[in-house]
Amino acid sequence: MAVFFFFGQEDFLMDKEINKLKKELIDDTFSSMAYKVFDNPEFSDLMDCIQASPLMFGNTLNLIYIDKYLTGNELSLDDKQIEAVDYALKSINDNVNIIFVCKIARNSTKKPDSRKKLYKTLSKYSQVKEFAQFKTYQKELIPQITSMAKEKDLTINSDTVSFLIEQLGSNLRLIDSELEKLKVAIYPDKKIDKESIKKYCTLSEDVFILADLIIQGNKNEAVKQYNLLTEKRYALEILSVLQSNFQRFIFIKNYEKKMSAKDIAQKLNLHEFIIMKTQEKLRKTSLDNLIRIRENLINAEYKLKSGRSSLGEKIVELAILS
């Protein structure tokens, strides 16, 4: 028996860990019966998941999303129900494995509410692991991306990784997709250099144009640019780079009167000239406006990822227009 509790914004690494556990814990031959996914089940269904009987021929693995229980008030459990969950986890069958998952939108400051009794109960019986979103300036990001490239039989030096981060931000799912593209583009070569990134990873430059249009308040042209991008890219890829841009804009705007352009450049691992040009671009917009735009993008990403919008990828257009 193994019980896990995963939470955080870096869903790429979280999904990777889940797939690893799936391979380790259950027989692939019987995965259609042994592996089940539940999305924020009501209490009775939640109890059925925890108290599930094992199969005759091996382990089972239940993946249970519980973000509605832990990041808001959409679902809650009373004291009696918490006691039932506690007892069920304490008495779980040896061949039943569970992964509780609380995914959080990228760039969101939310975390599972550790004051909630369900959080405390899960923490008591689970192996808890947070998958925090990497910041572009974190030193740990470079070896992480180097390792991802190595898994694809590619080589990349740390200076080139820094350049890739500058172009794409810290979204590992997007970076993984770009590494896959580079692998095909540079074949039979296996070494990634800055020139190949400039040549084949063009999304960042196109999103820069979109970001500029949004900042200028040119909403109609911004929507046109977004629709052009979606002809070649998924909305979540575009959102990821767009959010990285606005996260950087907010930092620059917030500290432009407190720090020199050189100091900001060092913090963001960018050239001082880029900071100065960005400051010039942001001169006619306010910090509050940048924060509002970013919040709209965060909400759009969350609704798109969770399937909680009937508009699908059009939800991004609404975020741009609002």
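Aromatic ring centres of Phe5 and Tyr119: separated by under 6.0 Å.
Looking at every heavy atom in both residues, Asp67 comes nearest to Lys103 through CB-O, 4.1 Å. Contact between Leu321 and Lys219 at its shortest, heavy atoms only, is O-NZ, 2.9 Å. What you find for Ile156 and Thr146 is that their closest heavy atoms are O-CG2, 4.1 Å.
Remark: Lys22 is positioned above the aromatic ring of Tyr35, its terminal NZ or CZ atom under 6.0 angstrom from the ring centre and at most 45 degrees off the axis.
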Q: Using the salt bridge (charged side-chain N to carboxylate O under 4.0 Å, His left out) rule, take Glu178 and Lys181 through it: C-alpha gap first, then chi angles, then the decisive distance, then the call.
A: CA-CA 5 Å; Glu178 293 300 302; Lys181 185 203 298 184; 3.3 Å; yes

Q: May I have the step-by-step check of salt bridge (charged side-chain N to carboxylate O under 4.0 Å, His left out) for Asp39 and Lys68, ending in yes or no?
A: CA-CA 9 Å; Asp39 184 10; Lys68 289 184 181 179; 5.7 Å; no

Q: Kindly indicate, with the supporting measurements, whether the criterion side-chain contact (heavy atoms from CB on, under 4.5 Å) is fulfilled by Lys253 and Glu256.
A: CA-CA 5 Å; Lys253 191 71 177 178; Glu256 64 180 352; 3.4 Å; yes

Q. Is there a ring-ring contact (aromatic ring centres under 6.0 Å, His included) between Phe4 and Phe100 once you walk through the steps?
A. CA-CA 6 Å; Phe4 303 88; Phe100 293 99; over 10 Å; no

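The environment of Lys152 atom NZ is dense: over 12 non-hydrogen atoms of other residues, nucleotides or ligands sit within 6.0 angstrom. Other residues, nucleotides and ligands contribute at most 12 non-hydrogen atoms within 6.0 Å of the OH atom of Tyr255. The local environment of NZ in Lys111 is sparse, with at most 12 non-hydrogen atoms from other residues, nucleotides or ligands closer than 6.0 Å. Counting non-hydrogen atoms of neighbouring residues, nucleotides and ligands closer than 6.0 angstrom, the NZ atom of Lys281 exceeds 12 such neighbours.
Between Phe246 and Phe249, the ring-plane angle classifies as perpendicular under the 30° and 60° cut-offs.
The distance from atom OG of Ser170 to atom CD1 of Ile165, rounded to the nearest 0.5 Å, is 8.0 Å.
Listed for the Asn97 side chain is a donor-acceptor partner under 3.5 Å among the backbone atoms of Thr60.
Screening Val128, Leu118, Leu70 against Pro112 for a side-chain contact (heavy atoms from CB on, under 4.5 Å) leaves a single residue, Leu70.
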